[in-house]
There are 2 protein chains.
Amino acid sequence: MNTKQRLIDGTLQAIRTHGIAGVSARTVAACAGVNQALVFYHFGTVDALLVAACHTATAERVQVYRDRFAAVGSLRELLDLGRDLHTEERKQGNVAVLAQLLAGAQTDERLAPPVRAALNLWTNEIESVLRRLLDRSPLADLTDPAGLARAVSAAFIGLELYEGVDPTGATAALDALDQLATLTDVVDDLGPLAHRALRRHTRKERPPRKQTTRRGLPQTPTDQA
Amino acid sequence: MNTKQRLIDGTLQAIRTHGIAGVSARTVAACAGVNQALVFYHFGTVDALLVAACHTATAERVQVYRDRFAAVGSLRELLDLGRDLHTEERKQGNVAVLAQLLAGAQTDERLAPPVRAALNLWTNEIESVLRRLLDRSPLADLTDPAGLARAVSAAFIGLELYEGVDPTGATAALDALDQLATLTDVVDDLGPLAHRALRRHTRKERPPRKQTTRRGLPQTPTDQA
DNA sequence: GTCTATAGTAGGATAGAC
DNA sequence: GTCTATCCTACTATAGAC
């Protein structure tokens, strides 16, 4: 039972070190310090091991942040938590693992569902915070928490990958988003006049574009609560 | 000379079909319809072929959109162009290629510089549009165009990968960003009162956070103009 | 459950004929 | 420039000893 865990940890380490392209039963076993044949004894295939590692790693990390997500009281605080989370998880290489798995899942349909489930674990946390924050904000009519949460997750992954090839640029990107977040403070502080202006804009329907979904997530499978 | 091009095209096709993890001299040659040994004759290593493909593909596509970037006159139009670009390039699989290369570059230091250069081709376009749009907007003091352009690029890549495992969620994310973009319309329309409020917020320095860069890109290598 | 050994396959790279 | 043939390495997966 201990070996299964060592293999999973070894898998995560292998992904961090060699990327999804460099993962093999041999590299994983080397990182785990166990025999290569044990990969197949315990998991059958390398793919299945990746699936197991994907779930374990994400569920663990989401759990760590659950309380902090629940304590968030403003968009500003959410952004700050996002930055902390980014710094901390980057150091541990957990976002990198998820990004690599996501890249691998693009062309591996057996990996796609577990990766989607893993992403949903993060997305659901963000979504519930956003729903809570935006519900009685003047932005309520303007935003779909579910969609926005997914946009945030996607951007997070993108920034992680971006940072891998251009750390300075990634820092500038985060700082820019930080500056931009001031906008939400402004909206919160402007008072009833701005609220009325916002509503005016919201009601004024924009010219329709060719879009599949107009608002919200009609029937997205959530995979994991 | 024709074979080099066929190999590059074959590489892009191989990345689209098999992902970065499935790229090899053999798969590339198969996609290109040429002999496997020609990869090494023309490019020396598979890595070098990836580098060449990375540059060619990106430069070509950026060129296609250059005029349309130049014609953008508002943030709303920029978002619309982004959506069009997303739809079109997704169909052709070009964003997917860049995303896969980016994932591969995380653990391949020979691939990282060319991928950064390729990303910069896109980022520079976006940055110049943002700079033009934001220069005389009330948002000018609030935003760093260089950083924001990088955030946009990163989010774009992230959304592409997200879409690969959850198309419905990705659509919801794009729709949410679309809704949110209304915020910029509001700011533009609120008039001098809001401008003054914005300035008040901008001047009121927020408590300092541990950040390496406070504003702008001091000395980021641009790689490619 | 864990190890060694090994079959069978795919991939990087080169030599040499054409 | 392009092809065949080939070497060597690394990989997945299994069989069988312990």
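These figures come from a predicted structure and were not determined experimentally. Sequence lines set the chain letters: A, B, ... in the order given, protein chains first and strands last, and positions in each chain run from 1.
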Requested in this report: Would you check, one step at a time, whether the test salt bridge (Lys or Arg N to Asp or Glu O under 4.0 Å) holds for B/K4 with B/D9?
Outcome: CA-CA 9 Å; B/K4 286 186 88 158; B/D9 291 343; over 6 Å; no
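- Remark: B/R16 engages no residue in a salt bridge (charged side-chain N to carboxylate O under 4.0 Å, His left out) (not counting sequence neighbours).
- Checked against salt bridge (charged side-chain N to carboxylate O under 4.0 Å, His left out), B/R131 has the following partners two or more places apart in sequence or in another chain: B/E127.
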Could you go through nucleotides 16-18 of chain C and list every protein N or O atom that sits under 3.5 Å from one of its N or O atoms, giving the distance for each pair?
none

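- Remark: the backbone N or O of A/V165 is paired with a side-chain donor or acceptor of B/R116 at under 3.5 angstrom.
- The salt bridge (charged side-chain N to carboxylate O under 4.0 Å, His left out) test applied to A/E77 returns no partner, not counting sequence neighbours.
- Side-chain atoms of A/L161 and B/L161, non-hydrogen and from C-beta on, do get closer than 4.5 Å to each other.
- Between B/R150 and A/D175 there is no salt bridge, since none of the side-chain N atoms of the basic residue sits less than 4.0 Å from a carboxylate O of the acidic one.
- Regarding B/R26, its CZ atom lies at a distance of 8 Å from the C1' atom of C/dG12, rounded to whole Å.
- Aromatic ring orientation, B/H86 versus B/F156: perpendicular (interplanar angle above 60°, classes split at 30° and 60°).
- Rounded to a whole Å, the CZ atom of A/F43 is 11 Å from the P atom of C/dT2.
- For the residue pair A/T56 / A/E60, no side-chain donor-acceptor distance below 3.5 Å is found, with atom types taken as modelled.
- A heavy atom lying under 4.0 Å from DNA chain D marks the following residues of residues 31-40 of chain B, by number: B/N35, B/A37, B/L38.
- For DNA chain C, the neighbouring residues in residues 2-19 of chain A, judged by any heavy atom under 4.0 Å, are A/T3.
- Atom CG of A/L50 and atom P of D/dC11 are 14 Å apart (whole Å).
- Between the NE2 atom of A/H42 and the P atom of C/dG1 there is a distance of 6 Å, rounded to whole Å.
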Requested in this report: Test salt bridge (Lys or Arg N to Asp or Glu O under 4.0 Å) on B/D80 and B/R68 and set out the steps.
Outcome: CA-CA 11 Å; B/D80 285 346; B/R68 293 168 73 179; over 6 Å; no
